[in-house]
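What follows is a short report on a single structure.
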Amino acid sequence: MISIEEAITSIKNNSKPLLKTTTKLVERAGGYVLSQDVFSPINMPPFRQSAMDGYALRLHDKLTYNVVGEVKAGDPHQPHLKNGEAVRIFTGAAVPNTATAVVIQEKVTTTATKIITEGKPLPNQNIRPLGEQVKKGALALAKGTKITPAVAGYLLSLGITEVEVFKKPSIAIVSTGNELVEPGTLLTHGKIYESNSKMLLSVLYSLNFYEVSIHKIGDDYHKTVLVLKTLINTKDLVIITGGISVGDYDFVGKALNELEVKQLFYKVKQKPGKPMFYGKKEDTSIFALPGNPAAALSCFYVYVYIALQKMMDRKPIELPRIKAKSTSNFEKKRGRPQFLKAIYNKGKVEILEGQNSSMLQTFALSNALAFVPEAITNININDMVDVILLPVQYNTYELQH
Ligand code: AMP
Ligand code: MG
């Protein structure tokens, strides 16, 4: 049995960025990371652009200008201005090459054919220079940039519709157990609804991982070997739940051994989630999490999350940890450090009742895990406690990816 710190170090040391790349439509690339530098195919803006509604003029010594035409946004024509001439112009329109400034309409007095400016305009005022944001051929975005909505907008403004990005891992979730039945079907005596697979699918979706398959097997050694063999050969990450303890019908450990998965650790000194396995076969990472749902989810956040962040080359590698003042008393048994379902709010943390590893009800109310080290047996009100903040947002928009 190893410590939590040793387990985390092992995952960090044995996980590395996936170097496979893929092409994505810009609007489908949210959350991905650029695998190549992107150079601008155009000057942006592609022409001298008016920043305001007003008049483009060719400066001279006087304040009066003859208005000789108009350029609207999108107009392709370029009126030729002589000194002392102006054209009516609007935001986003191409400023004629011969114009040297734009004055805003609020700062001029108009007559039928002339304008008088309030003061002497400054050269180039209110004109966005050609290539002001980025020049044609210059670096627009560097490799490693995460695609956010702003990044997508910027790429599209340069006319770029597709980008090369690092692939996200292909992930398999495997649930094991004879007692499990599909939610939505009849529950007969002795059975429970299978919740782990889609709970883990939900957390993966919430972290923008969409290439996920689900597999369900009973407590059957040969079936376990068969299913895991294919998945380990084809996926980047395999997450198994249940069947990793020492019961007579726990076959996952034996199957992983048979498949020559290299064990990096088995059993972590912690509560919940002691019987947890992490291993690798070639480049595939394998986590076997305890079947108890609250333990499985805790272990996901504390351990599997790290492997995913490393695979995506994302930082920070771990979920944020802060200190918060406890609003509850909690008595813990000696022996193992404990992750406790908790509610964090404005510097305070409430440790909830019902910490049993089978209880998702408590987890459903939580937005954090309070961490209590091995040596501490009592948390009292106002004690400072370590808190891991959970990513609780749920991003349904990207489910179609
Ligand atoms: P195990 O780790 O297989 O011994 O399972 C521990 C506990 O978790 C048992 O009470 C199982 O019924 C329960 N369990 C295991 N897998 C699941 C699952 N996929 N969904 C819900 N509960 C599960
Ligand atoms: Mg089981």
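Just so we're clear, the structure is a prediction, and the values are computed from it rather than from any experiment. Whatever order the structure lists ligands and atoms in, that order sets their numbers, starting from 1.
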**Asked** Can Ser195 be said to touch ligand 1, with heavy atoms closer than 4.0 Å?
**Response** yes

**Gly291, any N or O under 3.5 Å of ligand 1 N or O** = yes

**Request:** Output the list of atoms in ligand 1 that are nearer than 4.0 Å to some heavy atom of Pro293, sorted by atom number.
**Result:** 21 (C), 22 (N)

**Message:** Can you classify the ring geometry of Tyr65 versus His60 as parallel (below 30°), tilted (30 to 60°) or perpendicular (above 60°)?
**Reply:** tilted

**Message:** Using a 4.0 Å heavy-atom cut-off, which part of Glu194 comes near ligand 1: side chain, backbone, both, or neither?
**Reply:** both

**Request:** Could you tell me whether Gly242 and ligand 1 have an N or O pair separated by under 3.5 Å?
**Result:** no

**Request:** Would you check whether Ser245 has a nitrogen or oxygen atom less than 3.5 angstrom from a nitrogen or oxygen atom of ligand 1?
**Result:** no

**Message:** One residue to check: Ser358. Relative to ligand 1, which of side chain, backbone, both or neither has a non-hydrogen atom less than 4.0 Å away?
**Reply:** neither

**Message:** Name the residue from Tyr305, Tyr344, Phe363 that meets the side chain to side chain contact (heavy atoms under 4.5 Å, CB included) definition with Leu390.
**Reply:** Phe363

**Asked** Is there a donor-acceptor contact under 3.5 Å linking the side chains of Ser358 and Asn292?
**Response** no

**Prompt:** Heavy atom under 4.0 Å from ligand 1: found in Leu180's side chain, backbone, both, or neither?
**Reply:** side chain

**Item:** Sub-4.0 Å heavy-atom approach of Gly247 to ligand 1
**Value:** no

